[in-house]
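Just so it is clear: chains get the letters A, B, ... in the order the sequence lines come, proteins before strands, and each one is counted from 1. Note that these values count all heavy atoms, side chains included, but never hydrogens, waters or copies made by symmetry.
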Amino acid sequence: MILHADLDAFYAAVAVRDDPGLRGVPLAVAGSSRRAVVLTASYEARPFGVRSAMPLYQARARCPKLVVVTPDFTRYREASSAVFAILRSHAQAVQGLSLDEAFCDLGELGLEDGLERGRRIKTAVRETVGLSISIGVAANKMVAKIASDEGKPDGLVGVPVGEEAAYLADKPVARLWGIGPKTQVRLNARGIERIGQLAQLDDEQIYRLLGRFGRELRELARGIDGRTVSEDDDVRSISSEETFEHDIVTIDELLPIVRTQAGELAQRLHDRGLRAYTVGVKVKLSDFSVVGRQTSLAQPTDDLRVINAAASFCLRRAAPSKPVRLIGVRVASLVALQARQIGLFS
Amino acid sequence: MKFRGNAKEVASAVAAASKVVNAHTTMPILGNVLLTARQGRVSVRATDLELTLENAFNAEISEEGQCTVPARLFSGYLANLPAATLEMTGTASRATLKCERSNYEFFALPAEEYPPLPEGTSSQEFRVDAKAFRDAANAVTFAASSEEARGPVLMGTLLELEGASLTMVATDGYRLARYQLALTEPVKDAGRLIVPARALGEVVRVASAGTIEAKVLGGQANQLVFNTGDVKVIARLIDGQYPNYQQVIPKEFDKRVIASTEKLLASLRRAEVVAGDRASMVKLAMDGTSLVITASSDTAGTAYEEIDVERTGDPLTIAFNARYLVEILNHVGSDTVAMSFQGALNPGAIRPATGELAERQLYILMPLRQ
């Protein structure tokens, strides 16, 4: 059984946990600059239309009572480490996707036992870390992720083995991995709105519609996903990406997001005892073209400041010419290091 | 502009200057070379605005003037000419070239559009023996940073002028190279110039003998021209504050070993094979009259090397990045090398043990913390 765990409105939830006065108010975590963007919105802020990656002034316009707090990455990292420790004690293998999201391999287990494991994780996270986490349990990674999403916030959703296809059938096709906005438009144009419709296409139809990736997508639509939970023992690179609901136009708005991602990568490197020689950014523009830039470091690093500086440098060099719909930071050329080079001027 | 010259000489001057032309320039004029015919000499200039190269050749000039020609076309054409006389006529829009029975016409751009050299000179200038300058640059520039993300200052080399001496310094923040040499005559004003690596590389390439005359140009004093023989190398200086390098050079050391440069280098190169990737760590243990070098890795195994040394001070074990040590020792200009230390977490100093370079050439290397 695979378990997908995703902390609810993570940054906002940490702020509320540490300042109970913020409970129940519409809350956004955002930088303090004039061009700041929302990093996380609390569930109370979401009905107003406040979304992550939205410029702060726009969020304030939509929700005049919005309370804004600045991010505190030290606390996020602490909370994340504590949650991952809980996940590891309940699973055979844990694959972190970001600070607030992970897949767990629970081993050979029935759905009921899997759900029980999920309940224990939720309790432990609430009691020891003070946060709420949504959990999906299913036979494979994709279905588990869709299930945890469905239960948000504070959810626990299990999908019985063998019923994956039925579970997915009436969900929109965009929920499937690998279906981006372009593919969605193409499918919708042929009247294919639901995952179940995609699952029923025959070989020829799927090929004509989606080309050589069609069969793979149809497998996913049928609830079949063979990917395993990898502990990233042999990782070549680690990345953190975010797709925005609204395209972002200026570099100043992207920089705080890059900083968040740099912090997340620093933590994941640190957790694995790795350091990176290469830092890069990937930028997807509004026309879906992708620009990438990377830079090499003289000394491998797991330092947030170094990764942030290098990623910001790459972003400036990439100089996105159109609004940005996705940004990601990536670290590569990873080495496990026993010794750290001392600097001359530090 | 009109001149007659030796096709081979024209070809080599154009090829040498064209190296700096960037094929992907967004300013069409920067894809051209500028020819200036005056008083029996024709100069060929090319620039990417950061670095400008100028070469010259003798010619029989019938009409003085200037012309710009697309660098790639021009050098491609010239490279295939026989050793014969080339006659060139240039206007603002056309360059006509005649050699034996071939006749070519290239589209030109007006010479007035070519970026001018900065006007005026500052009083900052110096003269130095070309070979001495080349040796210094070779011994220093490798230590500069190649990390673009950390900014341009550490990617350049510092030229510090004071009295009759020039001190060249490069560092990437972990190792530092310093080399002092004498100027031909004392400078009027002391100064600190940060020169891009590419420009110094070019000076090293062209300055083989004679004297280099260097002069800061421009009202903003932001370009440095090196004149040597027929060649000018003009570099845009790097703007910024060079770190206070003197502060990180320890004044005193209480431990010192002297070893054969060749033996130490060979041992380190072998040990580096085991130490593996770029973060390769070697440990140096100094005790009695021996220096023991060890390295190990989970995948490769272990390395042990022992060499005889002259040693003073307490025993010490210190860890370094093998690559850094090897690169430094590759540049030490004497048969024996002196390494001085304080503690395992303090900078080590490496310099020639004997000869006249002992006082002038110095490397500082930070250790690894285990």
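- Summarising the geometry of B:Val309 relative to B:Ala259, their closest heavy-atom pair is CG1-CB, 3.7 Å, with the distance given to 0.1 Å.
- Residue contact with chain A, scored on non-hydrogen atoms closer than 4.5 Å, involves the side chain of B:Thr171 exclusively.
- Only the side chain of A:Arg317 has a heavy atom closer than 4.5 Å to any heavy atom of chain B.
- Taking 4.0 Å as the cut-off between side-chain N and carboxylate O, A:Asp105 and A:Lys141 do not count as a salt-bridged pair.
- Ring-plane geometry between B:Phe142 and B:Tyr363 is classed as tilted, the angle between the planes lying from 30 to 60 degrees on a 0 to 90 degree scale.
- In this structure, chain A has no heavy atom under 4.5 Å from any part of B:Phe320.
- Between A:Asp287 and A:Lys322 there is a salt bridge, with a side-chain nitrogen of the basic residue lying less than 4.0 Å from a carboxylate oxygen of the acidic one.
- In terms of heavy-atom pairs under 4.5 angstrom with chain A, the leader among B:Ser146, B:Pro347, B:Ser145, B:Pro243 is B:Pro243.
- To the nearest 0.5 Å, atoms CE (B:Met339) and CZ (B:Arg311) are separated by 11.5 Å.
- Heavy atoms closer than 4.5 Å to chain A are found in the backbone of B:Arg175, but not in its side chain.
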